[in-house]
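Report on the following structure.
Just follow the structure's listing: the first ligand is 1, and inside any ligand the first atom is 1. Counting begins at 1 with the first residue of the sequence.
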Amino acid sequence: MRVLSPKKLVCFLSIVVLLSLPCTASATNSAQSTFVHCLVNHSDHSHPIKEAIFTPNNPSFSSLLQAYIRNLRSNTSTTRKPFIIITALHVSHVQASVVCAQRHNLHMKIQGGGHDYEGASYVAEVPFFLLDMFNLRSIDVDIETETALVQAGATLGEVYYRIAEKSKIHGFPAGVCPTVGVGGHISGAGYGNMMRKYGVSVDNVIDAQIIDVQGRLLDRESMGEDLFWAITGAGGASFGVIISYTLKLVRVPENVTVFEVKKTFEKNATNMVYNWQHVAPNIDNELFIRLILEVINGSENGRKTIRATFIALFLGDSKSLISLMNERFPQLGLKQSQCIETSWLQSLLFWDNMDIAATPLEILLERQAKSLKYLKRKSDYVKEPISKEGWEGIWKKMIELENGVMYFNPYGGRMAEIPSTETPFPHRDGNLWKIQYQANWYESGKDVEDHYINTIRELHKYMTPFVSKNPRQAFINYKDLDLGINHHGMKSYFEGRVYGVNYFKDNFNRLVQIKTKVDPGNFFRNEQSIPILSHIGRVRMVTEKSLKNSILFCLFPINLVMARKGLMF
Ligand SMILES: Cc1cc2nc3c(=O)[nH]c(=O)nc-3n(C[C@H](O)[C@H](O)[C@H](O)COP(=O)(O)OP(=O)(O)OC[C@H]3O[C@@H](n4cnc5c(N)ncnc54)[C@H](O)[C@@H]3O)c2cc1C
Ligand SMILES: *[C@@H]1O[C@H](CO)[C@@H](O)[C@H](O)[C@H]1NC(C)=O
Ligand SMILES: *[C@@H]1O[C@H](CO)[C@@H](O)[C@H](O)[C@H]1NC(C)=O
Ligand SMILES: *[C@@H]1O[C@H](CO)[C@@H](O)[C@H](O)[C@H]1NC(C)=O
Ligand SMILES: *[C@@H]1O[C@H](CO)[C@@H](O)[C@H](O)[C@H]1NC(C)=O
Ligand SMILES: *[C@@H]1O[C@H](CO)[C@@H](O)[C@H](O)[C@H]1NC(C)=O
């Protein structure tokens, strides 16, 4: 066989590529170029948008795309790529994206920190472009008013670092993973280890800026209380593009105390877990004790066991913590030597599994994730303590499945005081703790993926008798497409209601009304966005079903009229 010279090879390959281009390619290219024209036309000329536009033939395109992929499941060669990435450098770039996308009928995905568990910010079933918010990440902390104005592209680590730079006695209640983005995290309520003292993140948000479907920049006053309510907990990307949130800072002691205690079941952890469920949701609001259960190798060769990890933040000193624990949770046997007193900022390193003494605080400014893996998450809420027999069954099931991890985050405290209608996030009073199910794996391939995902689904199924029902509640920030996907067709409302009620309970009704009002064309949509009630959808739905089901035929129009009036669903 003749070997082609590199030059000839390139030439040959170009011809092959050119010949194999489908005839729609030039149409796509021209659509792309009119879109780009529109963007240029609609953005502020003193901030040229061209610098923010990346097409797939730009050398930075792949690295930009991969920079915020946080789940390797969404990094396969068959995962659809955006046809353009816009890395907004100015608010007008966001406005232009929203306006021009509608004008050219293009689907837009908004990306904050990229931590969506299902990759919803950068994976789509239809062609799409990516509006990447990472450049819009300024953080202004004002200690006098105890507030911070944070742009949506900032990460939690950056927010915490900038707060602590100004004050050692202020903090903000949000997640403990520093690379998570403000845009997705806070719009989905955001919880962290100060939740029992201060509620979720959105309980401490006092203002916001958003670009609405018409491309207008609105603040709380100009958007009105309904839309403001919706964007504080309904999950990202159903109502507009969040530009910033104004946070009310909270007070933290100059030194806090953390500890981590690990026990295997061979070492009598059953008793501790049983007691944890009575203590953790009821103890002082200053104390948050997360419990992690996972399957590990036992000391006997080849036998698996369960390990329980108790990891805690106490907003106080270690002496008070020990006396509190001796009184309320003696089964854990916490000792002074297991406690670390440290600043609130450093406590975040501890919670993120980093060595406090050896790690510089600047690591919180690092936007890249430490390591990437394949993952799947699910969630549940527990309302009644589980009996000892119940726990024994759970251990058996976990060992039988050989993997799977459960994180238990206790509620109670401030969480039980805030009404469930205060924000779209409804999971308040009556919950003892939230479960996060985790499957993590490191090998590629469909079989491996199926194995791990099926395992976590089976564990979730096994837990059914122990968790909330009607609806089985779930946390929107733990995005789980198993709960249902919206195809945005005629059945959109009904598809949306399935996951919507799991995530938002009765607040779903109000969200649908607000959505229908502020985005009637359903431009801001994704796999699990809030659906609209559409007139056409209603009429078609009724005709579709009428022949089959005369009872539904009678009830549907009434239901929907009443639903629009907020009477019922
Ligand atoms: C390692 C890790 C730890 C986590 N820990 C916690 C935790 O402690 N507490 C907790 O509550 N959650 C936690 N989460 C979940 C996390 O809060 C959510 O996945 C959140 O949505 C991530 O936000 P993001 O901006 O990083 O993600 P993205 O993937 O960028 O966005 C998530 C969703 O929000 C939308 N969105 C993003 N930015 C905007 C914007 N500016 N305007 C409108 N929509 C937007 C996206 O389109 C997408 O639908 C964790 C996730 C990971 C991966
Ligand atoms: C740009 O704007 C001008 C006037 O505002 C308009 O005439 C022109 O058609 C626009 N071009 C595009 C590509 O939208
Ligand atoms: C994602 O996939 C691309 C292309 O297959 C690969 O080059 C890249 O290393 C992958 N990213 C990670 C973090 O594995
Ligand atoms: C906090 O801890 C530091 C270092 O251990 C110590 O110097 C400081 O006095 C402590 N502050 C308070 C208020 O206890
Ligand atoms: C294990 O728990 C039981 C029940 O509370 C208790 O009586 C026993 O002393 C514990 N054993 C050990 C080794 O701690
Ligand atoms: C657990 O045991 C299995 C073999 O039974 C082994 O392959 C695996 O590496 C062990 N895991 C750890 C973390 O030691």
*Applying side chain to side chain contact (heavy atoms under 4.5 Å, CB included), run through Y478 and Y407 and close with a yes or a no.*
CA-CA 12 Å; Y478 292 171; Y407 274 53; over 6 Å; no
*Does F134 have its ring centroid less than 6.0 Å away from the ring centroid of Y68?*
yes
Please tabulate protein-ligand N/O pairs under 3.5 Å for ligand 6, atom names and distances to 0.1 Å.
from     : atom 1 : to   : atom 2 : distance (Å)
ligand 6 : 2 (O)  : N297 : OD1    : 3.1
ligand 6 : 2 (O)  : N297 : ND2    : 2.5
ligand 6 : 11 (N) : N297 : ND2    : 2.7
ligand 6 : 14 (O) : N297 : ND2    : 3.1

*How would you list, by chain and number, every residue that makes a side chain to side chain donor-acceptor pair (under 3.5 Å) with H90, sequence neighbours excluded?*
H47, S92
_Against E118, only a single residue in K376, K378, K479, R377 fulfils salt bridge (Lys or Arg N to Asp or Glu O under 4.0 Å); can you say which?_
K376
*Smallest separation among heavy atoms of N522 and R525, with atom names*: O-NH1, 3.1 Å
*Is there a donor-acceptor contact under 3.5 Å from the side chain of D519 to the main chain of G240?*
no
_Test of understanding: with side chain to side chain donor-acceptor pair (under 3.5 Å), list the residues that count as partners of E527, not counting sequence neighbours._
K109
_Y381 ring center within less than 6.0 Å of Y411 ring center_ = yes
*Exactly which residues line ligand 1, taking a heavy atom under 4.0 Å from it as the test?*
I110, Q111, G112, G113, G114, H115, D116, Y117, S121, A152, G175, V176, C177, V180, G181, G183, G184, H185, G190, Y191, G236, A237, G240, V241, I242, F475, N477, K479
*Assess the pair F310 and F259: is the distance between their ring centroids shorter than 6.0 Å?*
no
